[in-house]
Amino acid sequence: MADVFKALADPTRRAILDELTERDGQTLFEICGRLAMKHDLGSSRQAVSQHLQVLAGAGLMTSQKQGRYTIHHLDPRPLVGLTDRWTKEQPR
């Protein structure tokens, strides 16, 4: 769970997740373009690649090779139940 919170703490990584939520299955080039155009983030491909590694390490994203491209996919499973610990109905 700590890895998920660490991954979500960075605004660039949240923007990447937003973009994968809007359109899943993107290459690094596509993600960089969308970050630049929609979020005014001029991160280098290397920086975005490092962000993708953190997201994958937290289980929030998967990647698959298709020919010479790597396609990135959102995996929201680590987010399910993330706040249950604090939002459970408490007995009165």
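Computed from a prediction, not measured in an experiment: that's the story for all the values here.
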Nearest atoms (heavy-atom pairs only) where S43 meets V48: CB-CG2, 3.7 Å
N/O donor-acceptor pair under 3.5 Å between R13 side chain and L8 backbone: no
For the student: nearest non-hydrogen atoms of H72 and S63, plus distance: ND1-OG, 2.8 Å
Criterion side chain to side chain contact (heavy atoms under 4.5 Å, CB included) on I71 and T27, from CA distance to verdict: CA-CA 5 Å; I71 309 299; T27 64; 3.6 Å; yes
Other residues, nucleotides, ligands: >12 heavy atoms within 6.0 Å of R45 CZ: no
Spacing of L52 atom CG and L60 atom CG [to the nearest 0.5 Å]: 11.5 Å
Within one Ile-Leu-Val-Met-Phe-Trp-Tyr cluster: M61 and L41, side-chain cutoff 4.5 Å: yes
Joint hydrophobic cluster, L20 plus L82, side-chain heavy atoms closer than 4.5 Å: yes
Atom CG of D84 with >12 non-hydrogen neighbours under 6.0 angstrom: yes
For E19, side-chain hydrogen bond (donor to acceptor under 3.5 Å, both in side chains) partners two or more places apart: R34, K38, H39
Residue pairs passing the salt bridge (Lys or Arg N to Asp or Glu O under 4.0 Å) test where at least one lies in residues 55-68, sequence neighbours excluded: none
side-chain hydrogen bond (donor to acceptor under 3.5 Å, both in side chains) partners for Q53, two or more places apart: none
Neighbour count >12 (heavy atoms, 6.0 Å) for atom CD, Q64: yes
Close side-chain approach of T70 and L28, heavy atoms under 4.5 Å: no
ILVMFWY network linking L79 to L55, side-chain heavy atoms under 4.5 angstrom: yes
